[in-house]
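The structure under discussion appears below in the form of structure tokens.
In what follows, every chain begins at residue 1, and chains take the letters A, B, ... in the order their sequences are listed.
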Amino acid sequence: MYRAPRGTQDILPPEQPYWRYVEQKAAEICRLYGYERIDLPMFEDAGLFTRGVGEGTDIVEKEMYVFEDRGGNSLALRPEAGTASVCRAYLEHGLHNRPQPVRLFYLGPAFRYDRPQAGRYRQHHQFGCEAIGDADPALDAEVIDMAWQFFVSLGLGRFKIVLNSIGCKKCRPEYLSSLKEHYSPHTDEVCDDCKVRFQKNPLRLLDCRSPQCQPIADAAPKSTDYLCAECTEHYNDVKRYLGSLEIPFEENHRLVRGLDYYTRTVFEVQPEEGGAQSSLGGGGRYDMLIEELGGKPAPGIGFATGIERIILGLQKEIVPVPSISSPQLFIANMGHEARDAALKLSTTLRRNGTAVIMATGSRSLKAQLRQANNLNVPRVAIIGEDEVKTGTVVLRDMTTSQQESMPVGKLLELFK
RNA sequence: GUGGGUGUAGCCUAGCGGUUAAGGCGCCAGGUUGUGGCCCUGGAGAUCGAGGGUUCGAAUCCCUCCACUCACCCCA
């Protein structure tokens with residue numbers, strides 16, 4: 001027996017209302033903020049991600065699905081649904097010629113080869129948006145506001161915004177050296193991962209959760225104390241805007257995020273009760289990324305959310321979601337001639353916009369009605385030999401159990 | 001990649017060494033020569049995750065593998 005590959009899942013009809021709900025809320029938020037949809041390839045040149053997301057990141061180093069196609073190209077299933085691909089598309093299609101910033105959103109799968117667990121899958125789905133071409137801190141505020149409003153509109157109650165600034169290429173080197181200075185007396189006490197981080201990616205020392213590293217990380221210098229004048233002003237503006245928008249946020253000097261492209265503002269949406277997967281979504285500014293990908297410099301900011309994690313949250317908080325409507329009419333039929341008539345009637349009704357299911361197979365009327373009942377169809381049209389002879393149908397209301405014989409024409413009239 | 005937990009029909013569960021593996025939900029059919037939901041009756045559906053071992057005898061004990069799951073790393 002074949003099974004869905006590890007870390008992937010089938011989204012069966014009973015789960016679909018959650019997905020429709022989240023997608024619809026995402027589209028609505030984007031409409032309100034003027035973000036337009038973009039759909040991107042599921043795979044790209046592997047280099048886009050190693051360059052964009054960063055060579056030394058876990059995502060690229062150990063989680064990316066890389067493969068060679070028959071033409072010998074090195075491709076990768078996208079490990080994030082949006083940012084890198086959107087930037088590539090921005091360059092490829094000359095989107096800098098459109099009014100800046102360009103505001104885009106996307107919704108779709110991303111792929112990471114890690115061990116699955118609750119809220120973590122090898123194929124998961126992200127909704128995110130990007131605003132490229134403007135470094136205004138008001139845009140940072142707009143994007144964080146969007147993320148906030150998105151979660152509010154979903155009806156999720158227990159989450160928070162965590163904020164930090166990790167500076168730019170001008171001020172970060174000084175911060176990093178002071179960070180390493182702080183850690184260097186402790187290189188023996190620190191966990192094995194942090195020993196590597198100390199060498200390879202000192203910034204990430206800060207988001208270690210290993211117990212022995214906590215006191216050291218907590219006492220570490222804060223990036224916000226080392227920001228250059230421009231970054232300080234930018235960060236202060238972002239906070240001021242968020243304040244005036246009355247968006248509650250909490251600063252955390254240890255929030256750094258594991259992707260290389262972030263500059264200045266980074267933020268995360270986290271559940272209030274810190275579950276296993278601490279992040280429902282996150283994002284930040286990436287002012288060097290476009291340039292890094294070979295384009296004329298252009299700043300950008302964006303965020304991405306994990307749909308599976310959102311749905312888990314909706315189910316945990318028992319947020320009601322609209323159900324998907326059942327067909328309006330079920331057509332039961334007995335005998336060959338009735339089948340012909342039922343088939344014709346079904347099609348006529350559908351062409352008029354009525355959702356119809358016709359019974360197939362050769363089951364008893366009783367079985368057909370049972371099926372209609374189980375499918376939650378509110379009304380059933382019954383066609384047997386008598387009805388064929390007289391050109392009528394029996395229309396049964398499944399909620400009241402009332403039924404009435406009528407000419408086919410009247411039925412069509414009723415469903416117009 | 002590392003650690004814990006769990007694997008009995010589509011789903012949930014009983015059985016934890018002894019003859020044909022039990023029940024509930026769901027599905028199908030009958031109880032009404034053309035009428036659903038409730039009730040009653042019946043039926044289909046399981047190589048008891050796989051392989052090996054112990055034993056007269058294994059779903060049950062042991063070993064190996066696999067899968068699922070939760071957690072770590074890290075992220076959505």
Side-chain angles (χ1 to χ4, degrees), chain A residues 1 3-7 9 12 14 22 53-54 56-64 78-83 106-128 147 191-194 196-197 201 204 207-211 213 255-259 268-271 275-283 303-313 330 332-335 338 359 361 363-388 393-403 405:
Chain A
M1 269 275 274
R3 310 179 54 117
R6 166 165 247 201
Q9 51 175 353
L12 298 171
V22 174
V53 174
T57 59
D58 283 7
I59 291 177
V60 166
E61 205 167 62
K62 49 185 221 192
E63 293 175 2
M64 198 157 73
R78 61 188 195 195
E80 58 168 8
T83 308
Y106 53 82
L107 189 70
F111 308 86
R112 291 184 198 171
Y113 187 85
D114 49 10
R115 290 277 292 264
Q117 60 181 286
R120 168 178 298 158
Y121 306 93
R122 289 186 171 179
Q123 176 177 339
H124 69 280
H125 297 76
Q126 296 182 356
F127 155 60
C191 71
D192 289 347
D193 287 330
C194 279
V196 178
R197 292 187 183 114
N201 197 341
R204 291 253 310 280
D207 67 5
C208 180
R209 278 191 281 174
S210 161
C213 302
L255 178 72
V256 296
R257 305 189 45 80
L259 288 73
E268 235 169 61
V269 183
Q270 298 180 359
Q277 274 64 51
S278 58
S279 178
L280 289 168
F303 78 93
T305 61
I307 296 182
E308 283 83 355
R309 289 182 186 179
I310 289 169
I311 290 174
L312 243 41
F330 184 94
N333 55 91
M334 294 91 75
R363 305 201 294 167
S364 66
L365 178 60
K366 177 184 177 137
Q368 295 182 49
L369 284 169
R370 185 166 52 229
Q371 188 185 3
N373 188 58
N374 291 346
L375 291 171
N376 250 312
V377 181
R379 290 193 280 189
V380 176
I382 301 167
I383 304 177
E385 286 174 32
D386 299 347
E387 287 74 19
V388 172
V393 298
V394 170
L395 180 62
R396 179 176 181 83
D397 185 313
M398 297 298 275
T399 50
T400 62
S401 296
Q402 301 293 304
Q403 65 183 42
S405 175

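Judged as a ring pair (Phe, Tyr, Trp, His ring centres under 6.0 Å), and not counting sequence neighbours, the contacts of A:His125 are A:Trp19. Judged as a salt bridge (Lys or Arg N to Asp or Glu O under 4.0 Å), and not counting sequence neighbours, A:Glu308 has no contacts. Looking at residues two or more places apart in sequence or on another chain, you find no salt bridge (Lys or Arg N to Asp or Glu O under 4.0 Å) involving A:Asp207.
Under 4.0 angstrom from either OP1 or OP2 of B:C27 there lies at least one side-chain N or O belonging to A:Asn374.
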Which atom pairs link the protein and nucleotides 29-34 of chain B when you take only N or O atoms and keep those under 3.5 Å?
{"from": "B:A29", "atom 1": "OP2", "to": "A:Arg370", "atom 2": "NH2", "distance (Å)": "2.4"}
{"from": "B:G31", "atom 1": "N7", "to": "A:Lys366", "atom 2": "NZ", "distance (Å)": "3.0"}
{"from": "B:G34", "atom 1": "O6", "to": "A:Asp386", "atom 2": "N", "distance (Å)": "3.3"}
{"from": "B:G34", "atom 1": "O6", "to": "A:Asp386", "atom 2": "OD1", "distance (Å)": "3.3"}
{"from": "B:G34", "atom 1": "O6", "to": "A:Asp386", "atom 2": "OD2", "distance (Å)": "2.5"}
{"from": "B:G34", "atom 1": "O6", "to": "A:Glu387", "atom 2": "OE1", "distance (Å)": "3.4"}
{"from": "B:G34", "atom 1": "N1", "to": "A:Glu387", "atom 2": "OE1", "distance (Å)": "2.8"}
{"from": "B:G34", "atom 1": "N1", "to": "A:Glu387", "atom 2": "OE2", "distance (Å)": "3.1"}
{"from": "B:G34", "atom 1": "N2", "to": "A:Glu387", "atom 2": "OE2", "distance (Å)": "3.2"}

Enumerate all atom pairs, one protein N or O and one N or O from nucleotides 2-8 of chain B, separated by less than 3.5 Å.
{"from": "B:U2", "atom 1": "O4", "to": "A:Arg115", "atom 2": "NE", "distance (Å)": "3.4"}
{"from": "B:U2", "atom 1": "O4", "to": "A:Arg115", "atom 2": "NH1", "distance (Å)": "2.8"}
{"from": "B:U2", "atom 1": "O4", "to": "A:Arg115", "atom 2": "NH2", "distance (Å)": "3.3"}
{"from": "B:G3", "atom 1": "O6", "to": "A:Arg115", "atom 2": "NH2", "distance (Å)": "3.1"}

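Side-chain contact check for A:Tyr113 versus A:Lys62: every heavy-atom pair is 4.5 Å or farther apart.
A donor-acceptor contact under 3.5 Å is formed by the side chain of A:Gln403 with the base of B:U35.
Atom-to-atom distance recorded for A:Asn376:CG and A:Thr399:OG1 is 11.0 Å, nearest 0.5 angstrom.
In this structure a side-chain-to-backbone donor-acceptor pair under 3.5 Å is missing from A:Arg396 to A:Gln402. Listed for the A:Arg309 side chain is a donor-acceptor partner under 3.5 Å among the backbone atoms of A:Gly119. Listed for the A:Thr57 side chain is no donor-acceptor partner under 3.5 Å among the backbone atoms of A:Leu259.
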Inset, instruction - For RNA chain B, just give me the dot-bracket, please: Watson-Crick or G-U, both distances below 3.5 Å, ( ) intra-strand, [ ] crossing earlier pairs, | paired with another strand, . unpaired. - result: ((((((((.[[[[.)..(...]]]].(((((.......))))).....[[[[[..)....]]]]])))))))....
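A stacking contact between A:His125 and B:A76 is absent: the pair does not combine a ring-centre distance of less than 5.5 Å to the base's six-membered ring with planes differing by less than 30°.
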